[in-house]
Protein chains: 2
Amino acid sequence: MEYDVYVQTCPTRLVLDRLADKWAVLVLGKLDDKPVRFNQLKREIDGISQKVLSQVLKKLERDGLVSRSVFATVPVTVEYAITPLGRTLALTVTALTRWAEENIEAVLKAQQKYDRSA
Amino acid sequence: MEYDVYVQTCPTRLVLDRLADKWAVLVLGKLDDKPVRFNQLKREIDGISQKVLSQVLKKLERDGLVSRSVFATVPVTVEYAITPLGRTLALTVTALTRWAEENIEAVLKAQQKYDRSA
DNA sequence: AAATATGGTATCCAATGGAAACTTAGGAGA
DNA sequence: TCTCCTAAGTTTCCATTGGATACCATATTT
């Protein structure tokens with residue numbers, strides 16, 4: 001393996017930067033089920049702003065992880081879908097959100113203990 | 001399951017925020033092998049600053065994912081180790097770094113294609 | 001006396017993030 | 001015709017964050 005994320009200039013750092021983004025993780029998780037339109041994503045990912053959703057989708061599209069399809073309806077319909085490459089990644093990012101849901105109580109308990117002792 | 005990362009106020013979002021951090025992912029990956037001292041981490045995680053490393057370790061400790069041990073040597077020795085809880089998480093975050101290393105070429109190709117068409 | 005090592009904090013400035021307003025384009029309704 | 005509506009963004013503004021750099025305490029080595 002010639003790539004190593006622990007080297008500053010390694011291009012894999014770019015990927016890590018992309019994934020090390022709460023919103024990208026949530027978007028990929030949603031698209032893993034089925035293609036979704038812009039405003040539908042905005043509604044389903046509670047708390048994301050239009051600007052950030054737009055930016056995240058653009059970056060994910062550039063990385064070849066999601067595809068963007070425009071339909072000439074009125075008003076225009078834009079649908080985002082996960083690509084085959086994105087699907088391989090979605091496996092690991094959904095593992096991440098699942099871990100969060102399964103272990104949040106242990107984390108919260110640890111935080112309380114830490115805060116009490118400080 | 002009562003928790004849902006897609007709800008803005010769900011505490012699992014806190015966990016996602018923590019993991020959605022390039023540096024936290026790299027630190028956990030390093031500590032998964034063996035306990036490591038502060039400056040050793042700093043050397044091995046190319047490009048991280050002392051301030052950020054210090055902050056990340058403090059947050060990971062608060063979340064119960066790493067433990068911190070101080071030894072009264074001269075100069076003082078501080079060793080960071082992964083906890084059992086952290087170890088369960090390390091499985092998924094190393095999957096992430098592995099994905100980055102295995103798929104970076106596909107991502108770079110997608111980016112070039114995207115940039116050419118724009 | 002000066003340099004070295006450890007494990008940090010403090011300070012400063014640039015970059016990022018989110019909230020809210022604005023935009024574009026084509027219907028639908030009055 | 002004039003106004004309103006929706007989808008899918010873009011722009012603007014301000015607060016927070018991020019990283020680079022300098023600094024600190026302590027003790028040994030040169």
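Nothing here was measured: the structure is a model prediction, and the numbers come from that model. In what follows, every chain begins at residue 1, and chains take the letters A, B, ... in the order their sequences are listed.
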Completion exercise
Phe38(A) atom CZ is separated from dT23(C) atom C1', nearest whole Å, by 14 Å
Practice task
Please determine, by modelled atom types, if Glu105(A) and Tyr3(B) share a side-chain donor-acceptor pair under 3.5 angstrom.
Solution key: yes
Exercise for the section: Compare all side-chain heavy atoms of Leu57(B) with those of Leu41(B) and state whether any distance is below 4.5 angstrom. Expected result: yes
Practice task
Could you tell me whether the phosphate oxygens of dG8(C), OP1 or OP2, come under 4.0 Å of any side-chain nitrogen or oxygen in Tyr80(B)?
Solution key: yes
Handout entry: OP1 or OP2 of dT6(D) under 4.0 Å from side-chain N/O of Arg43(A)
Key = no
Practice task
Give one of base, sugar-phosphate or nothing for Lys51(B), where a contact means two heavy atoms less than 4.0 Å apart.
Solution key: base
Practice task
Specify the separation, in whole Å, of atom CZ of Arg68(A) and atom P of dG9(D).
Solution key: 4 Å
Problem - Nucleotide dG7(C), atom P - distance to CD1 of Ile48(B) in whole Å - result: 14 Å
Problem - Position toward the 5' end of DNA chain D (nearest nucleotide), Val78(A) or Gln8(A) - result: Val78(A)
Fill in the blank from the handout: Regarding the side chain of Gln50(A), the nearest nucleotide among dA22(D), dT10(D), dT6(D) is dT10(D)
Exercise for the section: With the side chain of Ser54(B) defined as its heavy atoms from C-beta on, choose the nearest nucleotide among dG8(C), dA8(D), dG18(C). Expected result: dG8(C)
Handout entry: Atom pair distance, as rounded to whole Å: CZ in Arg13(B) and P in dG17(C)
Key = 15 Å
Exercise for the section: Taking Arg87(A) for its side chain and Asp32(A) for its backbone only, find out whether a donor-acceptor pair lies under 3.5 Å. Expected result: yes
Exercise for the section: Check the side chains of Gln40(B) and Arg43(B) for a donor-acceptor pair under 3.5 angstrom, ignoring hydrogens and angles. Expected result: yes
Practice task
Report yes if at least one side-chain N or O of Trp23(A) is closer than 4.0 Å to OP1 or OP2 of dG17(C); otherwise report no.
Solution key: no
Handout entry: Between dT6(D) (P) and Lys42(A) (NZ): distance, integer Å
Key = 13 Å
Exercise for the section: Report yes if at least one side-chain N or O of Arg37(B) is closer than 4.0 Å to OP1 or OP2 of dT6(C); otherwise report no. Expected result: no
Fill in the blank from the handout: Here the distance between atom C1' of dA8(D) and atom CG of Leu53(A), to the nearest Å, is 10 Å
Handout entry: Under-4.0 Å side-chain N/O to phosphate OP1/OP2 contact, Ser49(A) with dA20(C)
Key = no
Exercise for the section: Return the nearest nucleotide to the side chain of Thr77(B); candidates are dG7(C), dG9(D), dG19(D). Expected result: dG7(C)
Practice task
Select base, sugar-phosphate, or nothing to describe what Thr73(B) touches, counting heavy atoms under 4.0 Å on all strands.
Solution key: nothing
Practice task
Using a heavy-atom cut-off of under 4.0 Å over every strand shown, decide if Phe71(B) touches base, sugar-phosphate, or nothing.
Solution key: nothing
Fill in the blank from the handout: For Asp46(B), the salt bridge (charged side-chain N to carboxylate O under 4.0 Å, His left out) test, sequence neighbours excluded, returns none
Exercise for the section: Provide, to the nearest angstrom, the distance between the CG atom belonging to Asp17(A) and the P atom belonging to dA15(C). Expected result: 16 Å
Practice task
Return the 5'-most residue of the pair Gln55(A), Glu79(A) with respect to DNA chain D, ranking by each residue's nearest nucleotide.
Solution key: Glu79(A)
Practice task
Check whether any side-chain nitrogen or oxygen of Lys58(A) sits under 4.0 Å from OP1 or OP2 of dT10(D), and answer yes or no.
Solution key: yes
Handout entry: Rounded distance (Å) that lies between atom C1' of dA7(D) and atom CG of Leu57(A)
Key = 14 Å
Exercise for the section: Using modelled atom types only, decide if a donor and an acceptor are shared between the side chain of Glu101(B) and the backbone of Val5(A) within a distance under 3.5 Å. Expected result: yes
Completion exercise
Heavy-atom nearest nucleotide on DNA chain C taken for Val74(A) and for Lys22(A); more 5' hit belongs to Lys22(A)
